[in-house]
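The structure appears below as structure tokens.
Both backbone and side-chain heavy atoms feed into the values below; hydrogens, waters and symmetry mates do not. The chains referred to below are lettered A, B, ... by the order of the sequence lines, with proteins before strands, and numbering in each begins at 1. The shown structure was predicted, so the numbers you read here are calculated from the model rather than taken from an experiment.
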Amino acid sequence: MKSLPLLQKLAIAVLICLHLAVLGARFLAPYDPTEQNRASTLTAPSRIFPLGTDEFGRDQLSRMLWGGQISLATGWIATLLALGIGLTLGVAAGFWGGWSDALLMRGAELFLALPWLYLLLAVRAFLPLSLSPWAMALMIAAIIGTVGWARPARLIRGVVLSAKEREFVYAARGFGASPWRLITKHCLPETYGVLLTQAALLLPQFILAEVTLSFLGFGVAEPAVSWGNLLQPLRQISIIGGYWWMTLPVLLVVAVAWGFSALEDALASSNRANSG
Amino acid sequence: MKSDNLCRIIAISVCAVSVCLVVCNLGAAPDLPPDFLRTDAPAGTFGGKLLVLERSEPKTLNPVTALDAPSRDLIRRMTADLVSINRRTLETEPSLAKAWTVSRDGREFVVQLRRGLRFSDGQPMDADDVVFTFQVYLDESVHSPQRDLLVVGGQPISVEKLDSLRVRFRLAQPYAAAERIFDSLAVLPRHLLEKPWHDGKLAEAWSLNVAPAAIAGMGPFRLKEYVPGEKIVLEKNPYYWKTNRSGNRLPYLDQLEFRFVPSEDTQVLRFMSGEADILNRVGARNFEMLSHAARTKGDQLIDAGPGLEYNFLFFNLGMVDAQRFPEIAGRQTWFRDVGFRQAISAALDRDAIVRLVYGGRAAPLWGHVTPANRLWINASLPRPSQSLEMARSLLQGRGFHWNADGALLDASGKPVEFSIVVSSSSPERAQIATVIQDDLKKLGIQVQVVSLEFRALIDRLLNSRQYEACILGLVSGDADPNPEMNVWLSTGGSHLWNPNQEKPMTPWEAEIDRLMRQQMTTLDHAERKRLYDRVQQIAAENLPLICLASPAILVAARRGLGNFQPAVLDHYTLWNVEQLYWRRAAGNARLQGGPN
């Protein structure tokens, strides 16, 4: 971290603070995020409501903190899922090669071309209507994660392809090491750098995916709150023009994207330094 | 000398009289047929164009097959009907028909056409065109959406030409709404459409690509130009049959230009930047924003009050496949209990919906007839304000109770929770759902709000019936109860809570069926009103639709647009387009044929 530029350090610090604040929403949020104060709708920031209220008189600060839980959790779960599937399939394709490689990589290309938004809408139509907000968030994470494995799988396959040709791997093979041992002890450690960089790349993408869905009204439904729900009122120009505090949730999304982008740069530099 | 003087005097007198005649004639009307409709429109300025925005491109210019609102908006400006409903007074008034008579038994109408009528291509219009028009609308192979309106008592109305200016219509049974049946039915030019109709190609005629010379109507404007994806330009119909107060032929405007802008917010931005002259309908917040801007620019922002739209919550009371959807079928025991529905209605804060969702620009509703429909509203219906005590007492009376956490349980101990589906394209209804969700939370009822794409929502409501509750809105095209038949008859496809029943499932639905059918054939207005009042009362007691709010008609027009008189019936702003004009004022670019 010492060698990182100041801006990168700042971005990563903001990211960490955001995560901590969201995790501590229960202690930091001054109000219940769903509580409507119908006499105080769209009020500007004040001592009572530090970041103002929305159209139903709900406290914006509390909603931003609680909303982060669903948005960030969806991003993290989807990323772990995508990396898990990508790692398994990428290693299998790279290590064994041949027809399994060809099959898995054609599959990856197919998944890269899948329009996940429409897939999600189609899946939603078949599910029961009374889904709890967390069940809905998990479903979104499952779909985004399942569809998003292709890119990391292709990168990991490349790393494994190169790793298995290394001399120490040939030596281990010569001493009779099993494929399992070759993968876990010699190939997988080579993929860690790529995995971390991919995680930093995928996380903001997947968080944005959840935000987009909720913004369009297809994500978690009221009264649960996510950052996408908070952005919904901004579809009306009268809100953007007249109530500036309603645009504050945009800063959260920007901060997350900026933070993860800085983290990814830092990880990529560190990878280059290690391989160099 | 005497004769010279005499000649001179005669010559001077003739000249003076001629000059007087010329001077007096300057402001007089041209020689138009006496039968033309002289409107009350004050004298305006001729010329200029009006820029109007539509949410989407029209699908067709064919009045017989048009279904979508943009198509109908355009077609209405290019066509005319025999009798019109005045959008402001809600009463009928003569249109192409100069007058009409109704037989004593209410089954026969004789319509007298105006003399000297011509289509926009200059061809004369007479009784043959009227007979042809109704033949086309009634032809089952054409699949006109208007056909159902022309079937009375199970039989299509019969049309007969008496002479070139008189047509007789015969109905199988008396029709209470009488001449309102003719409103919005565009009279078609036989000389242009008879061949396509005989060839079975009427549905394909008058598509958007039609040449301007191949389309004609009786409306104030005619087609000039269509630029796909961008605009449709209409020009003044030189053969129009309405005049202003001074007898000059309308319309005032030379051109009417429709541009396609999909979102309301973009339309508002265009209006603010001067790229539109009229906004047909805007939401409450945009209206407030425009009002602030109007203080400096002088634009006309008008709140015409609640329209005929009513928004409501309803439960799935129909037959649901219990094998496939056991949860919904189980919850229908609550929904079918009128006490449960009354408790839900009592718990809802309609004033909060009006304030929070519509910024105060709406009317709370306790029945499906809105305050705008002053001809038919039952003013004696109770209008109770929110009462959680009343709701709790109603629920207790039905065996519901609460656990220690305050959650509502039914008699078998099952927690009361359900989902409400709303259309993702209607932010207002999603906001109503949020208010309802919070109100019902106070009763211990957990509500999930599910946003669905509109077509998926309609499929669930009418086909799969896989829903528990829904928030929807309906808007009638007329103040009369008859267009609502499909909603209130138990056999109706829009009887949303339980559509297309073979026989009424409940006694109160059977009673509504009887009353609606009876009012349709009752010619005495007072008796009809009594019957429809009873329908409203039964609906308010049994609450198949828990009515919530009727939003106000909020419209805007640029400063300088004369005769701008918004109405509560659609089309809210262009219903009197022939009377709209630009006031002569310095800098009026529209009148001077300026930019855009």
Side-chain angles (χ1 to χ4, degrees), chain A residues 32-43 53-58 63 117-118 120-136 139 212-226 228-229 231-243 246, chain B residues 263-269 272 282-290 292-293 325 327-328 331 349 351-352 355-357 359 417-427 430-431 433-439 441-442 446-453 455-457 459-460 464 466-469:
Chain A
D32 174 352
T34 63
E35 187 189 337
Q36 298 185 3
N37 302 288
R38 292 180 180 174
S40 311
T41 57
L42 289 169
T43 53
T53 61
D54 69 2
E55 311 112 291
F56 298 101
R58 295 175 296 196
R63 289 176 69 74
L117 183 64
Y118 296 103
L120 198 85
L121 294 182
V123 171
R124 182 67 190 93
F126 289 101
L127 289 173
L129 292 175
S130 299
L131 270 183
S132 75
W134 277 105
M136 188 68 191
M139 190 202 78
T212 308
L213 272 177
S214 297
F215 173 71
L216 293 174
F218 298 115
V220 291
E222 297 275 0
V225 56
S226 89
N229 288 3
L231 295 178
Q232 257 187 18
L234 301 188
R235 288 158 78 171
Q236 306 161 55
I237 49 159
S238 49
I239 293 279
I240 300 175
Y243 312 96
M246 294 293 284
Chain B
S263 89
E264 181 192 314
D265 287 321
T266 318
Q267 290 196 349
V268 168
L269 286 175
M272 290 172 83
V282 290
R285 290 219 167 79
N286 280 332
F287 187 78
E288 293 303 327
M289 190 176 73
L290 286 167
H292 289 303
F325 312 120
E327 205 165 57
I328 298 175
R331 290 172 178 176
D349 188 352
D351 291 329
R355 210 175 58 249
L356 302 180
V357 178
E417 51 187 54
F418 58 85
S419 59
I420 298 178
V421 290
V422 290
S423 165
S424 58
S425 57
S426 169
Q431 288 176 331
T434 306
V435 175
I436 290 178
Q437 197 174 39
D438 197 60
D439 286 341
K441 198 168 131 189
K442 292 170 194 153
Q446 282 295 322
V447 174
Q448 305 282 346
V449 178
V450 184
S451 184
L452 293 173
E453 195 266 328
R455 272 171 296 185
L457 178 86
D459 183 59
R460 278 183 191 253
S464 72
Q466 193 194 349
Y467 75 100
E468 290 165 351

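- For chain A, no part of B/Phe325 is nearby; none of its heavy atoms comes within less than 4.5 Å.
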Original post:
So A/Arg58 and B/Thr434, side chain to side chain contact (heavy atoms under 4.5 Å, CB included) or not? Walk me through it.
Top reply: CA-CA 12 Å; A/Arg58 295 175 296 196; B/Thr434 306; 3.6 Å; yes
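- The shortest non-hydrogen separation linking B/Leu356 to A/Thr41 is CD2-CG2, 3.2 Å.
- Judged as a side chain to side chain donor-acceptor pair (under 3.5 Å), and not counting sequence neighbours, the contacts of A/Thr43 are A/Thr53.
- Chain A forms more heavy-atom pairs under 4.5 Å with one residue of B/Gln437, B/His292, B/Gln448 than with any other, namely B/Gln437.
- B/Asp439 has a carboxylate O that lies under 4.0 Å from a charged side-chain N of A/Arg38, or vice versa, which qualifies the two as a salt bridge.
- Residues satisfying the side-chain contact (heavy atoms from CB on, under 4.5 Å) criterion with A/Gln236, sequence neighbours excluded, are A/Glu55, A/Ser238, A/Ile239, B/Asp265, B/Arg285, B/Gln431.
- The local environment of CD in B/Glu453 is crowded, with over 12 non-hydrogen atoms from other residues, nucleotides or ligands closer than 6.0 Å.
- When heavy atoms are compared at a cutoff of 4.5 Å, B/Val421 approaches chain A solely by way of its side chain, counted from C-beta outward.
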**OP:** Test side chain to side chain contact (heavy atoms under 4.5 Å, CB included) on A/Phe56 and B/Asp438 and set out the steps.
**Re:** CA-CA 10 Å; A/Phe56 298 101; B/Asp438 197 60; over 6 Å; no
**OP:** Starting from the C-alpha separation in whole Å, work towards a yes-or-no answer on side chain to side chain contact (heavy atoms under 4.5 Å, CB included) for A/Ile237 and B/Val268.
**Re:** CA-CA 9 Å; A/Ile237 49 159; B/Val268 168; 3.9 Å; yes
